[in-house]
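Structure below; questions to follow.
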Amino acid sequence: MFEPDQEIAQLEKSLVEINLLVSRQTARIERLAEKGGDTTQAKAVLRGLKEVLEYFRTQQRMILDTLEQG
């Protein structure tokens, strides 16, 4: 059964966690770049994290839109 309050709460928690991962990965890339390291793989991971973040944001918008219509 669809429980919008629980869904929104879980999505918000996931968004916070993913934002933290994005921040950590961005810092990792900066450190690698400062040391002259190869950032290719780290940037690929960051792109993947951003895709997951966008997925969760889309899910959140869909639920909020459904609640507004309901």
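Treat the numbers as computed from the prediction; the structure is a model and nothing was measured.
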*NZ/NE/NH1/NH2 to OD/OE distance under 4.0 Å, Arg61 and Glu68*: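 Answer for the salt bridge query: no.
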
*So how far is it from Ile63 CD1 to Gln60 CD, rounded to the nearest 0.5 Å?*
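Going from CD1 on Ile63 over to CD on Gln60, the span is 8.0 Å.
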
*When rounded to the nearest 0.5 angstrom, what distance separates CG in Leu67 from CD in Glu7?*
10.5 Å

Less than 3.5 Å apart, which donor and acceptor atoms pair up between the side chains of residues 17-33 and the rest of the protein, not counting sequence neighbours?
unit_1 : atom_1 : unit_2 : atom_2 : d
Asn19  : ND2    : Leu15  : O      : 3.0
Ser23  : OG     : Asn19  : O      : 3.1
Gln25  : OE1    : Arg28  : NH1    : 2.4
Gln25  : NE2    : Ala42  : O      : 3.0
Thr26  : OG1    : Val22  : O      : 2.8

*asked:* Nearest 0.5 angstrom please: Leu49 CG to Glu54 CD, how far?
replied: 13.5 Å

*Taking side chain as C-beta onward, heavy atoms only, is Leu53 less than 4.5 Å from Arg57?*
yes

*To the nearest 0.5 angstrom, please state how far the CE atom of Met62 sits from the CG atom of Leu11.*
10.0 Å

